[in-house]
Amino acid sequence: MKAIRVQQFGGPEVMQLKNVPEPSPGPTQVLVHIRAIGINPVETYLRSGSNPNLPLPYTPGTDAAGEVAALGALVRHLKPGARVYTSGSVTGTYSTVAICEAVDVHLLPEKISFAEGAALNIPFATAYRALFQRARAVPGETVLIHGASGGVGTAAIQLARAAGLSVIGTAGSEKGEQLARSLGAGHVLNHRRPDYLADLMKLTENRGVDIILEMLANANLGKDLGVLARNGRVIVIGCRGKVEIAPRDAMTRDADIRAMLLANASDADKASIHAALRAGLENGTLKPVIRLELPLAQAARAHELILEPGALGKIILLP
Ligand code: NAP
């Protein structure tokens with residue numbers, strides 16, 4: 001089998017496609033024949049050395065879609081040949097095959113392609129957890145998706161609209177604005193324009209928004225607190241540095257700053273998330289947005305692209 005191997009921490013070029021021995025699944029595991037791989041920003045942080053305790057060499061990736069190739073003796077909910085998507089991997093998904101724990105392997109509805117399946121886990125599970133398990137969103141509320149053009153943002157628009165929330169999105173490019181609008185955002189603002197949050201206050205008649213899903217807290221958290229409605233909640237999803245805030249802005253609104261890491265979700269929370277995603281995929285309210293497909297050998301290019309401005313949904317690798 002072929003797999004991307006990270007031999008040492010560093011830039012995208014440290015990822016090399018290698019021949020490696022094919023593993024066999026343990027009793028609770030599944031061998032997945034991978035057809036498409038989802039790229040997520042966290043894989044660039046880990047590759048750069050954000051977690052120095054990660055053993056080297058390793059194969060990156062948790063998100064993929066493909067077919068069940070072999071099953072451990074204790075796995076009951078899957079059959080060989082089943083179309084599946086993954087939400088975690090023991091051996092890493094930037095590969096032609098991967099070993100996954102059975103709890104991290106989910107049936108993929110027929111109408112969802114492998115590329116779309118690979119785009120599901122981190123973006124959609126994060127957006128779902130942020131909206132419903134952390135923000136406790138209820139129909140009729142207004143959510144600002146601060147960074148609506150990328151993987152998590154495009155998922156969040158779809159989940160929020162399906163649940164009866166009003167969505168205001170932001171993007172940094174005209175194409176990103178169009179994408180957010182096409183997915184159901186009622187209003188879209190450009191987060192590169194100086195006065196966009198003043199426009200947000202006009203749109204809400206100075207009330208502010210009930211919920212903010214924040215993709216870049218180091219740039220925005222201080223400003224977010226000034227555009228929340230009373231009892232508003234900011235959910236910190238993405239952050240790449242420090243930020244100064246005025247706590248009084250939160251005090252005067254009885255506002256909450258809540259943060260999240262998908263990896264902290266309990267098994268019960270994850271089961272609930274994937275049940276909800278399956279329902280949305282089957283009833284047609286959820287459909288991942290694919291920006292670009294690249295061969296697995298171009299993993300380094302995918303890591304460069306995902307950190308550049310101008311997000312438009314997901315980048316996928318094809319083995
Ligand atoms: P992505 O696909 O690369 O999208 C990044 C998004 O951030 C784009 O919509 C981008 O918009 C937007 N953005 C750029 N500058 C911004 C600004 N100044 N203000 C607001 N938004 C801005 O990444 P993703 O997969 O959606 O993930 C988003 C962030 O969440 C990343 O930092 C990721 O590491 C993090 N994340 C965290 C968790 C968790 O468990 N906490 C899970 C998943 C992701 P333009 O490109 O259009 O400017």
Side-chain angles (χ1 to χ4, degrees), residues 37-48 50-51 60-63 87-88 118-131 133-135 143-159 167-183 185 188-197 200 209 212-224 227 234-241 243 257-266 269-270 273 288-292 302-316:
I37 301 145
I39 300 289
N40 291 284
V42 65
E43 291 132 30
T44 71
Y45 317 151
L46 292 171
R47 187 215 67 232
S48 307
S50 65
N51 177 4
T62 53
D63 294 6
S87 58
L120 276 171
N121 174 53
I122 288 188
F124 277 80
T126 299
Y128 185 91
R129 184 162 176 78
L131 278 169
Q133 294 180 341
R134 300 294 290 139
V143 57
L144 170 68
I145 301 176
H146 215 163
S149 48
V152 178
T154 52
I157 297 172
Q158 298 178 37
L159 286 161
V167 174
I168 302 174
T170 77
S173 69
E174 209 170 295
K175 281 189 178 169
E177 290 177 52
Q178 282 165 9
L179 175 62
R181 217 169 275 120
S182 74
L183 294 172
V188 183
L189 303 167
N190 189 315
H191 50 236
R192 303 213 196 284
R193 297 227 165 102
D195 293 334
Y196 74 103
L197 290 177
L200 173 80
V209 293
I212 300 177
L213 301 193
E214 183 49 67
M215 305 305 158
L216 199 60
N218 51 300
N220 297 326
L221 187 59
K223 295 181 280 179
D224 286 341
V227 298
V234 184
I235 311 299
V236 177
I237 297 174
C239 187
R240 294 178 181 168
V243 63
I257 301 170
R258 301 179 191 170
M260 64 156 284
L261 202 58
L262 183 61
N264 291 337
S266 67
D269 285 348
K270 283 191 265 185
I273 290 169
V289 176
I290 310 301
R291 164 189 174 189
L292 180 66
H303 273 209
E304 286 165 1
L305 281 173
I306 198 171
L307 293 183
E308 287 174 7
L312 289 172
K314 290 288 296 181
I315 299 171
I316 299 296

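Everything numeric here is computed off the predicted structure, so don't read it as measured data. Both counts, for ligands and for their atoms, begin at 1 and track the order of listing.
Listed for the K223 side chain is no donor-acceptor partner under 3.5 Å among the backbone atoms of L197.
Between Y45 and H303, the ring center distance fails the sub-6.0 Å criterion.
Heavy-atom minimum distance, P41 versus R240: CB-NH2, 3.7 Å. Nearest approach of Y196 to H146, heavy atoms of both residues: OH-NE2, 2.7 Å.
When side chains are defined from C-beta on, Y128 counts as touching L159, because their heavy atoms get closer than 4.5 Å. Under the 4.5 Å side-chain criterion, counting only non-hydrogen atoms from C-beta, I168 is in contact with L189.
Within 4.0 Å of ligand 1, protein heavy atoms belong to P41, Y45, I122, T126, H146, G147, A148, S149, G150, G151, V152, A171, G172, H191, R192, M215, L216, N220, I237, G238, R240, M260, L261, L262, I306, P309, G310, A311, listed by chain and number.
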